[in-house]
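Letters go in sequence order (proteins before strands), and every chain restarts at 1.
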Amino acid sequence: MTSPFRLLAMALVVLCPLRGAAQTDSPPLSPRSIYQIGATWTDDAGQRIKLGELAGHPVVLAMFYTRCQYACPMIVAAMRRIQEGLPPAVRARVRFVLVSFDSEHDTPAVLRAYRRQDGIPGDTWTLAWGKPDDVRELAMVLGVKYQRFGDGQFGHSNLITVLNGQGEIAYQRVGLQGDDGAVIHAVSLAAD
Amino acid sequence: MSLGSCICWSFFAALSGAALAVARPCPAGMALIPAGDYKLLLGTPDSPPSFPVPAFYLDTHPVTNGEFLAFVRAEPKWRRSKASPLFADPGYLGDWKADLEPGPRAPADSPVVLVSWFAARAYARWRGCRLPTTAEWERAAAAGYTSASGAGEVAYRREVLGWFAAPSPVPLPSVDCGRPNIYGVRDLIDLVWEWVDDFNSALLSGESRSDSSLDRNLYCAAAAAGARDFSDYPAFLRMGFRSSLRASYVMPTLGFRCALSP
């Protein structure tokens, strides 16, 4: 039995210590960290990313979809106001993430066009596409409800979530009418 | 247990499915729910009144304590003492005696309860299945004992309403006790509530109205004009129940079963 199996086994023996070493580099996740979900997303530049890569940064995150006419533009606008309202030292460290509900329509290319059209800053904002299962799981962790209607629209919670550096939910703003100041305060605390 | 229904369905499929090159056998412990329509309880003015649900397999009974034990043996991170608080509230498997011992309050043949949506989904994946969608679950539950629509059967209506009226016994009865519906599926309407994969699509509660102005607009309009069949109030009750859940919740009358696409 000199076969591909043996070669594979040898390859595994060689690779395993490397993997082990790579994993021990990152500290264990907090039991409340949403980075435990571990899904892989694709950003609007076509890069595969995990939300856990944002560990160490305070994060302002919302779920949305690009064809949304009403609530989502208001959520994105609120996030931009929040970014501008942050003290400069904090602002530099904060990351902003938009994850689409609409896996079918909001491909990375569509998200890229949305970013261009909306003038969303390139360096601190991530626009993410994910598989429907992963979108569902993220929504469950955040407590976001959504339902796809037949006409390409979604009903959904309007929720802006602040994550601390560990990926724990530090604050959630519910609804569209909330106070930006409270979110800015929460982000500043999460940055400490 | 009710493998009979599966064998029966495989046989039926073999007879009727001459066009199929290979008749896929029904997975053990599951029954085929044929394709059909799911009538939306509420909708936007623009949404269609119903949409098609492709055929799928559904467990003939809810997942039991005994079956869940095999899962937590294989997946230590889902044992009671190990489960992440992100994925299961305190009380997860709280009626079990120990991590690997369900004990007298959780008999092996009774449905597993006090499991979160995350735990239910992890179990389903471990078994190579998934959770049913709301539409799939409701389609299966709408079937009567002798016809595809229980609404027309007196015995079915009595059973489904009787369950809402009666307190749940402790410990819960065996999953074998329920009367199978026409597809050979038991316990959908008379044992425990069950998780569905997209329970968070129920945009109904006071909570969701306050946090979702879009669904407030849609829901209020729909409630005024869009409710299509008020007679199916068990389905409305289930929708209300689902809308009150969060994925980490655990409850003593909330279990689950698995589904699979052919």
Side-chain angles (χ1 to χ4, degrees), chain A residues 28-39 62-65 67-75 78 101 131-161 163 166-169 172-178, chain B residues 40 42-52 77 82-88 116-118 120-122 124-125 130-131 133-135 195-205 207-222 226 239 242-249:
Chain A
L29 290 170
S30 135
R32 296 262 171 205
S33 173
I34 75 157
Y35 299 150
Q36 291 173 86
I37 63 177
M63 299 185 79
F64 86 124
Y65 67 107
R67 286 187 287 184
C68 177
Q69 299 295 312
Y70 171 58
C72 306
M74 291 175 70
I75 290 172
F101 297 111
K131 295 194 293 288
D133 255 17
D134 295 333
V135 171
R136 174 83 52 200
E137 189 177 43
L138 178 66
M140 291 295 185
V141 162
L142 298 173
V144 168
K145 299 184 177 195
Y146 66 98
Q147 179 177 15
R148 187 194 184 94
F149 294 120
D151 48 6
Q153 298 294 308
F154 286 75
H156 60 90
S157 309
N158 298 319
L159 206 57
I160 294 176
T161 299
L163 304 175
Q166 298 229 53
E168 299 167 330
I169 295 175
Q172 290 192 303
R173 191 181 96 173
V174 171
L176 295 172
Q177 313 302 330
Chain B
L40 286 166
L42 299 172
T44 66
D46 302 330
S47 61
S50 65
F51 61 87
K77 70 176 183 176
K82 304 265 175 55
S84 161
L86 184 74
F87 297 137
S116 65
W117 177 88
F118 293 109
R121 198 186 219 208
R125 284 185 175 172
R130 58 181 174 79
L131 296 179
T133 63
T134 304
W195 286 111
V196 286
D197 192 56
D198 58 346
F199 78 88
N200 68 333
S201 64
L203 305 166
L204 269 197
S205 69
E207 186 189 22
S208 82
R209 259 174 285 175
S210 69
D211 67 21
S212 327
S213 67
L214 180 59
D215 64 65
R216 177 175 53 201
N217 295 342
L218 296 177
Y219 170 62
C220 289
M239 183 169 62
R242 288 177 194 132
S243 76
S244 71
L245 297 172
R246 288 194 61 142
S248 61
Y249 281 10

*side chain to side chain contact (heavy atoms under 4.5 Å, CB included) with A:Met140: which of B:Asp198, B:Asp197, B:Asn200?*
B:Asn200
*Which answer fits A:Ile75, side chain, backbone, both or neither, if we ask what part of it has an atom under 4.5 Å from a heavy atom of chain B?*
neither
*If you count heavy-atom pairs under 4.5 Å with chain B, which of A:Cys72, A:Ser30, A:Ala139, A:Pro31 comes out on top?*
A:Pro31
*Under 4.5 Å heavy-atom distance to chain B, tell me which part of A:Leu29 shows up: side chain, backbone, both or neither.*
neither
*Give the minimum heavy-atom separation between A:Gln36 and B:Ser84, together with the two atoms involved.*
OE1-OG, 3.0 Å
_Shortest non-hydrogen separation from B:Arg125 to A:Asp133 and the atoms involved_ = NH2-OD2, 3.1 Å
_Contacting moiety of B:Arg130, where chain A heavy atoms sit under 4.5 Å_ = neither
*asked:* With chain B as the partner, which of A:Glu137, A:Arg136, A:Glu168, A:Arg32 has the greatest number of non-hydrogen pairs under 4.5 Å?
replied: A:Arg136
